[in-house]
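Bear in mind that the values here come from a model prediction, so they are computed numbers and not experimental data. Each ligand, and each atom within it, is numbered from 1 in the order the structure gives.
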Amino acid sequence: MPRKNPHVEEADENNLEVGKPKDWAAGIPGVYHSMQPALKHMGVGRAGKTLLGLNQKDGFDCMSCAWPDPGHRKTFEFCEQGAKAVTWEATPVVVPSEFWAANPVTELRERSEYWLGMQGRLTEPVYKPAGDDHYRPVSWDEAFSIIGSKLQGLDSPDEAAFYTSGRTSNEAAFLYQLFVRAYGTNNLPDCSNMCHESSGWAMGQTIGVGKATISYDDFAKADLIIIMGQNPGSNHPRMLTALEEAKEAGCEIVAINPLPEAGLMRYKNPQKVNGILGRGTELADQYLQIRLGGDMALMQALSKRVLDAESKRPGKVLDHEFLREHCEGLDELQAHLASLQETTVLRATGLSSMEIDELAERYLRAGKVIITWAMGITQHKKAVPTIKEIINLLLLRGNIGKPGAGASPIRGHSNVQGDRTMGIWEQMPPAFLDALAKEFSFEPPREPGADAVETIRKMRDGGIKVFVAMGGNFVAAISDTHAAEAAVANTEMTVQISTKLNRSHAVTGEEALILPTLGRTEIDLQETGPQFVSVEDTVSAVHASEGKVKPVAPGLLSEVAIVTRLARATVDSRINADWAGFERNYDLVRDHISHVVAGCEDYNRRIREWGGFVLPNGPRDSRTFRTPTGKAMLTVNQLEHVERPAGTLILQTVRSHDQFNTTIYGHNDRYRGVKKGRDVVFVSAEDISELGLADGQYVDIHGVYDDGTERVIRKFRVVSYPTARGCAAAYYPEANVLVPLESVAEGSHTPVSKAVIVRLEPSLA
Ligand SMILES: Nc1nc2c(c(=O)[nH]1)N[C@H]1C(S)=C(S)[C@@H](COP(=O)(O)OP(=O)(O)OC[C@H]3O[C@@H](n4cnc5c(=O)[nH]c(N)nc54)[C@H](O)[C@@H]3O)O[C@H]1N2
Ligand SMILES: Nc1nc2c(c(=O)[nH]1)N[C@H]1C(S)=C(S)[C@@H](COP(=O)(O)OP(=O)(O)OC[C@H]3O[C@@H](n4cnc5c(=O)[nH]c(N)nc54)[C@H](O)[C@@H]3O)O[C@H]1N2
Ligand SMILES: [Mo]
């Protein structure tokens, strides 16, 4: 039964509490905290059904991150964060019909993300006509016909953009990109543009595939795992189990991060006695507190040390056979690194030569090395060359394409990788488009479309007039909040396909629609019976996901159903596709996927096998590199690091422990010791005193950007925190106001969310 809306306890920024940061993650509080929200919001029955269905063989895939499921799953194959994510989705609280008349859009705009999310699940389509300040419930038919006529009436299909967030299933994603291309545009921006795009670019150019070159079991086989720019304790907690297993098998772990994140230091496994009672497992054997943006210099310094070691012991250090057979560019790399100045490296990294020597020795000692990374690497101006330097370091000793070794970008959204595999990308390669053309007898557009940042620019300039979003919260997730909101407000129509309310429903085009959809936890019943969907994790394993709980309201449509009906209202029989049939039976969609998507042959059979199947990966499987030369490329990259003028700091934007991207579950950041609020800026004690500030003082954070534009967020509390010197941190999405739209990573165009130059000024308010 739907429940009444609970009391929403807002943040109490004036009384937020700051305690000591923790140096360990998970353990009993992890389990305890896992269960609380589910029990409170759902009651024992629905909570049990939901949590026990998580990541099980016949259950649904956890939507909290893209971490893989081990072959040996436990009954409780979920973490605290997974429990929060499913509870947030499977809550029986719904937004009532009266809500829309009572809450004008202008008032929704004043509400916090937290408040919006806590209103409960969306259950009926709503429409805001032009000039009106209210949404009002409409029928599904009416909603689709409004959107269909609008899209049909545009002068060019390129006047519309179709965003995807990474929770969307393979089936829905495949149909969505098909619909969009049948309509006639490649404007398919996605959350990946803001996330791992840099990984895709760098790896695509150097090793010919933009995905991890390892499988789950490789973690336990590695001699050394280097974790860069990632906070697994909060964002991929199940990774800690894999790290613990690796440690037990004798692996060394090194963490490289400006923040000493709890999950990198020590892990208390809730499923083990020593995790519950004891000190748990020490994880990092070495922790390097690097400066923001210093990783490119560090990787070059390590490769240089490897090459120097080879000169001292010729033939003994590099993997000569691998380099000869499979790689190109060794001489150029060697020549380039010869001129690398140690002083530059120390300045860029903030590390000592001894620390770098120690890591180099660990690397040289290890036969099999995995390097993993996430947003601390990808969201920098020099992200692409930094990742290319990671690849250089790995290639030198043959650490790609052998067990226990490889490059491992750890994806964020649970199906962001699958969405890309299914064709959600503004620049899918010709081979994919050719296959699509053949399968559905039409000519898809070939010109690359707009990515996330380009979409905002085009909305701002009037080129994109209709914005459709399959999930996500684009306006809050993208950089430069005020500019982004103005751009969206400049459109003629926005359409959001969502489970819950967020800021993107309050900042709209002239006309706006919200189409509510089923979540992944829910039973998806169609004419031919209950349907399952499929997803791909960060190590390219594809498996089925089937909802277990009753939909929160009758009449909700699945994402697949919504896409097929959008297509029928817009492109109908323009291509050779049985849209109505797809909605009735998802097997028909998978049959097409089999024919179009390389590696997905015989999809319907293989997806039904226990645990699914793993997509082929040239570098991992056979040291095959699909680059123009057929070899892995060692590359030369000009070093550049972030310099800050005197009196400023480099600010990164991070996730707290109580959020999923723009979704705020609560106001605590347990491991970092912050409670009841989010408006904080973490700064080292030394910098606080050098800047003449005091711990606990309130400051305004001013963005300093070379085009002279002014961006500011006010009244943030300074928290003395053991971060690297010269570096600060604040929470995303609040701090997105400070990230200039034009500040993007070279090549990948990912917003530079991890290096904003800021000035802190005492707050007058
Ligand atoms: N519970 C939960 N799970 C999530 C998410 C969530 O919000 N909540 N989000 C999901 C998504 S979409 C993603 S992409 C992932 C994000 O997972 P993470 O990448 O772990 O997320 P961030 O909070 O952005 O953390 C970035 C980390 O990189 C470090 N860092 C920043 N800059 C640098 C740098 O220059 N060098 C180095 N070496 N380190 C740096 C920061 O200190 C921080 O520890 O998590 C996914 N899982
Ligand atoms: N400053 C700064 N900005 C960042 C980042 C950063 O580290 N710093 N990180 C970037 C990254 S890595 C990412 S991935 C993006 C995230 O960008 P998005 O993916 O756009 O944002 P989310 O907050 O994950 O989207 C949450 C919304 O998705 C909807 N939703 C949830 N589940 C479902 C579902 O099953 N189906 C549908 N249709 N809708 C659903 C809900 O309405 C919810 O409010 O943000 C980026 N922005
Ligand atoms: Mo992400």
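- Shown in contact with N502 at under 4.0 Å from a heavy atom are these atoms of ligand 2, numbered in order with element: 27 (C), 42 (O), 43 (C), 44 (O).
- Under the 6.0 Å cut-off for aromatic ring centres, H413 and F660 qualify, their centroids lying closer than that.
- There is no side-chain donor-acceptor pair under 3.5 Å between E426 and N187.
- Contact atoms of ligand 2 toward G471: 37 (C), 38 (N), 39 (N) (distance under 4.0 Å to a heavy atom of the residue).
- Within the cation-pi definition used here (under 6.0 Å to the ring centroid, within 45° of the axis), R520 does not qualify as a partner of F60.
- Which parts of ligand 2 touch S498 is read off a 4.0 Å heavy-atom cut-off, strictly below it: atoms 39 (N), 42 (O).
- Short contacts between ligand 2 and T517, defined as distances under 4.0 Å to a heavy atom of the residue, involve ligand atoms 36 (N), 37 (C), 38 (N).
- Ordered by chain and residue number, the residues placing a heavy atom less than 4.0 Å from ligand 1 are S64, C65, Q81, C195, G229, Q230, N231, S234, N235, H236, I256, N257, P258, L259, E261, I290, L292, G293, D295, A374, M375, G376, H380, G412, H413, Q652, V654, R655, Q659, F660, N661, K754.
- Checking only distances, I497 does come within under 3.5 Å of ligand 2, N or O to N or O.
- The ligand atoms of ligand 2 that sit less than 4.0 angstrom from a heavy atom of Y163 are 17 (O), 18 (P), 19 (O), 20 (O).
- In this structure, CH2 on W140 lies 10.0 Å from CD on E124, to the nearest 0.5 angstrom.
- The residues R238 and D69 are annotated as salt-bridged, a charged nitrogen and a carboxylate oxygen being separated by less than 4.0 angstrom.
- S748 is linked by a side-chain hydrogen bond (donor to acceptor under 3.5 Å, both in side chains) to S198, T750, counting only residues two or more places apart in sequence or in another chain.
- In this view, F99 satisfies the ring-ring contact (aromatic ring centres under 6.0 Å, His included) rule with no residue, not counting sequence neighbours.
- Under the salt bridge (Lys or Arg N to Asp or Glu O under 4.0 Å) criterion, the residue pairs touching residues 497-507 are E485-R503, with sequence neighbours excluded.
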| task | Using the side chain to side chain donor-acceptor pair (under 3.5 Å) rule, take S534 and E171 through it: C-alpha gap first, then chi angles, then the decisive distance, then the call. | result | CA-CA 7 Å; S534 53; E171 288 75 3; 2.7 Å; yes

